[in-house]
Number of protein chains: 2
Amino acid sequence: QNRDELKSDAAVISDTGMIARGTPTPSYGLGGVTALEIKVTGPKMDLHSGVFGGAVANPITALAQLLATLHDRQGRVAIAGFYDRVKPLEDWEREAWRKLPVDGDKLILEETGAPELFGEAGYNSMERIWARPTAEINGIGGGYQGKGTKTVIASHAMAKLTFRLVPEQEGDEILKLAKEHLRQNLPKGVTMEITTGHSGPWYLTDPHSKLGEAAQRALRKAFDRDVALIREGGSIPIVSQFRGILGIETLLMGLALPDCRAHSPNENFPLENFDGGIRLNKAILQELAR
Amino acid sequence: QNRDELKSDAAVISDTGMIARGTPTPSYGLGGVTALEIKVTGPKMDLHSGVFGGAVANPITALAQLLATLHDRQGRVAIAGFYDRVKPLEDWEREAWRKLPVDGDKLILEETGAPELFGEAGYNSMERIWARPTAEINGIGGGYQGKGTKTVIASHAMAKLTFRLVPEQEGDEILKLAKEHLRQNLPKGVTMEITTGHSGPWYLTDPHSKLGEAAQRALRKAFDRDVALIREGGSIPIVSQFRGILGIETLLMGLALPDCRAHSPNENFPLENFDGGIRLNKAILQELAR
C-alpha cells in the first residue's frame, strides 16, 4: 500500500552476528523457520499402571518412538524429501567460511557447553548452522513431572517442533512432508493431532553483487579489517518481504558477538560496537552513493 | 520386633479387584514395582535454535531416541535379560482366566477408552496385566511447553519410568539391567544422570493350598456364586513382609469393581459390597476355624 513512499535502493539491518570482535561481518543469507505441534492420545484419562499397564499403548512411549524416527543416529533428518530442494554449499562459500578468523567448532563447544559436537556428517559446525536445515524438538511434555514417582499411564503427550529452512526449501512443503512422515510412523494404539504453525522464509543474496560489494567496502572502512562473509541460521522474515513487496535487497551488517546470548539471560552488546555502528552508517551511505 | 504379638494363621486383605459385580474374586498374585528417573543434558543453558541448531545434540531428541529403545514395536520390553526370570503362565491359570465371566479385552477397551488394544503379542489383556512385566514411561518433560512456538534447544530433558514386576523378577536386578540398557543406548552428544527409586516386591501364593481353599469357600458362601481366580498387576508391598517377617500367607479377597477408578477422579465403591464384605468376614473366620 505504501510501496511508493518506501521506494529505496536497499535496506540495511544490523540484527545479525559479528563472527569475532572487530571483524566486520556481512551476512548474505538467513534461515527460514516453520513450526508444528504434535499431540498423541491414548486412553481417555490417566490410568493406574498397575491396573491397566501392558494392555494399552502408552502415549509417551508412542511419542518417543515417533520422535525417534525424525533423525538418523548421525543427526540427519530422516523425513523423505526433506533435503530435496536444499542447495549444496558453493565452493567459494566453503572456502570463505574455512578462512574465518575463528575456529567455529571450538567456538560452539565453548559457547554451548555441550559435551561434544554433534550434527550431520560431512559438515563443520558453521556449515551445519548456516547452510543445513534442521528439525528440532523445542519442547516435550506428558504425564507426571513432579517429584518422586506416580505410576500413571498418561492420557496424552505432546511435542513442539520447528524446522530451520535453508534455500530453496518451502515452509509449507516441509510441513506437508513432516506431517506425512509423522502419520506414517505413528505407533499403534494411539491417535495423533498435528497443529501446524506459520512459516518464515529463508533469504539469500549475492555478496558479490554491486550492492554486496558496497556493503563489504563500508564494513572494511568502518572496522579497518578484512570482512568475513557468513550466512546465519536464524530468521528475519521481513527481509523476504522487502524483496517481495519493495523489490529491494537487504544488506545484513551484524554487530552482535558470538557470546551476546541473543534471546537468553545475560544478553549483551559491547560499547565499542555502538561506535563501530555509527562509523558503519556513515560509510554505507557514502558507498551506496558512489 | 513384635513378631510374637502378631503371630497368626493368615492375613486377609480386600484391597484388590472383583472381576465383575457379584462374582467372588480371590487374587492369588500381585505385581511388584520399581522406579527410575532419567535426566539427559546437552548444552549448559537453553540455546537459540537459529544460532546453534544443527551443531549440538538436542537433549529432547536424544531422550526420545533413548526411550524408543525400551520396547520393540510389538510392545515387548527390549532390555536384555528383562524376561529371564519371568515364570511362564501355568496352563491352569490360562484356563481359569479364559473362563472368567467377563471379556477382558472388551472390558479394557471400555474402561480405558483407548483407540485399540495394544500389548505384548501372544497374550490377551488380562494375561498382559496380571502376568507379564512392563516398562512404562510415567512422565516426560523438557524445553518449552507453553502456548505457541519458542525456538529453543533445551539444556535438558527428563523422563520417569516404572517397571511392573512379576514372579520371579527382582527389583534391584531389573534396575541394574535397565541402567545398563540406558547407558548402552544413550545417543551421542549428551550426558545422562539416572536416579533409581525403591522396589516393591511381587507376591504369589497357591490358591489351591489349604488356606487358599478356605478363602475360596468363604467367598462362595458370602456371594453365593462360583469364584473367579485372578492375579493383579498392582502392588501391595506389605504382603511380602507378612510372608518374610511373620511367615504367613495373605488371602486377597477383593471387593473393588473394574470401574472403581482406583487412585483416579470419581473413585467409587458399591454399597452392596459393604454388605458382601460383612458376610465375607464372617465366612472366612468360620472357614479358617474348621
Side-chain angles (χ1 to χ4, degrees), chain A residues 31 33 35 42-45 47-58 60-61 64-65 67-68 71 108 112-119 125 128-129 132 134 136-145 149-153 157 160 162 164 188-191 197 233-235 262-264, chain B residues 31 33 35 42-45 47-58 60-61 64-65 67-68 71 73 108 112-119 125 128-129 132 134 136-145 149-153 157 160 162 164 188-189 191 197 233-235 262-264:
Chain A
V33 66
K44 68 186 169 192
M45 60 201 168
L47 301 176
H48 187 308
S49 77
V51 178
F52 296 102
V56 295
N58 178 323
I60 301 177
T61 306
Q65 290 174 345
L67 296 175
H71 299 82
I108 294 299
T112 64
E116 59 181 313
L117 296 169
F118 180 81
S125 292
R128 287 167 177 162
I129 295 172
R132 301 299 297 173
T134 64
E136 296 287 3
I137 310 168
N138 304 119
I140 193 166
Y144 180 66
Q145 298 185 39
T149 299
K150 191 174 172 191
T151 54
V152 73
I153 298 174
K160 288 171 183 283
T162 51
R164 289 280 167 187
K188 280 180 185 291
V190 294
T191 58
S235 189
H263 304 193
S264 288
Chain B
V33 67
K44 67 186 170 191
M45 60 202 166
L47 301 176
H48 186 308
S49 77
V51 178
F52 296 102
V56 295
N58 178 324
I60 301 177
T61 306
Q65 291 175 346
L67 296 175
H71 299 83
R73 287 292 177 123
I108 294 298
T112 64
E116 58 181 311
L117 296 170
F118 180 81
S125 293
R128 286 167 177 162
I129 295 172
R132 301 299 296 173
T134 65
E136 296 288 2
I137 309 169
N138 304 119
I140 193 167
Y144 180 66
Q145 297 185 40
T149 299
K150 191 174 172 192
T151 53
V152 73
I153 298 173
K160 288 171 183 283
T162 51
R164 289 280 167 187
K188 281 179 183 295
T191 58
S235 189
H263 304 192
S264 286

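Reckoned from all heavy atoms, side chains included, excluding hydrogens, waters and symmetry mates.
Note: Thr61(A) leads Thr61(A), Thr149(A), Thr191(A), Val33(A) in heavy-atom pairs under 4.5 Å with chain B. Highest contact tally toward chain B, considering only Gly189(A), Ala35(A), Gly197(A), is held by Gly189(A) [criterion: heavy-atom pairs under 4.5 Å]. Ranked by heavy-atom pairs shorter than 4.5 Å toward chain B, the options Leu67(A), Ile129(A), Ile108(A), Thr134(A) are led by Ile129(A). Ranked by non-hydrogen atom pairs under 4.5 Å with chain B, the options Ala64(A), Ala57(A), Gly31(A) are led by Ala64(A). With respect to chain B, the highest number of heavy-atom pairs below 4.5 Å among Gly141(A), Gly119(A), Gly143(A), Gly234(A) belongs to Gly141(A). Comparing Ser235(A), Gly54(A), Gly233(A) by heavy-atom pairs within less than 4.5 Å of chain B, the highest count is held by Gly54(A).
His71(A) touches chain B through backbone and side chain together, each having a heavy atom under 4.5 Å away. Looking at Thr162(A), the atoms closer than 4.5 Å to chain B (heavy atoms on both sides) all sit in the side chain, from C-beta outward. Looking at Ser49(B), the atoms closer than 4.5 Å to chain A (heavy atoms on both sides) sit in the backbone and in the side chain alike. Ala157(A) does not touch chain B: none of its heavy atoms, backbone or side chain, sits under 4.5 Å away. Interface remark: Arg164(A) contributes side-chain atoms only to the contact with chain B (heavy atom separation under 4.5 Å).
Minimum heavy-atom separation, Asn138(A) to Val152(B): ND2-O, 2.8 Å. Residues Lys160(A) and Tyr144(B) come closest through the heavy atom pair CD-O, 3.3 Å. Scanning all heavy atoms of the two residues, the minimum distance from Arg73(B) to Gln65(A) falls at NH2-O, 3.5 Å.
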Original post:
For Lys44(A) and Thr112(B), what are the C-alpha separation, side-chain angles and deciding distance, and is it a side chain to side chain contact (heavy atoms under 4.5 Å, CB included)?
Top reply: CA-CA 6 Å; Lys44(A) 68 186 169 192; Thr112(B) 64; over 6 Å; no
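The shortest distance between side-chain heavy atoms of Ile153(B) and Glu136(A) falls below 4.5 Å.
Counting only N and O atoms by type, the side chains of Gln145(A) and Gln145(B) include a donor and acceptor under 3.5 Å apart.
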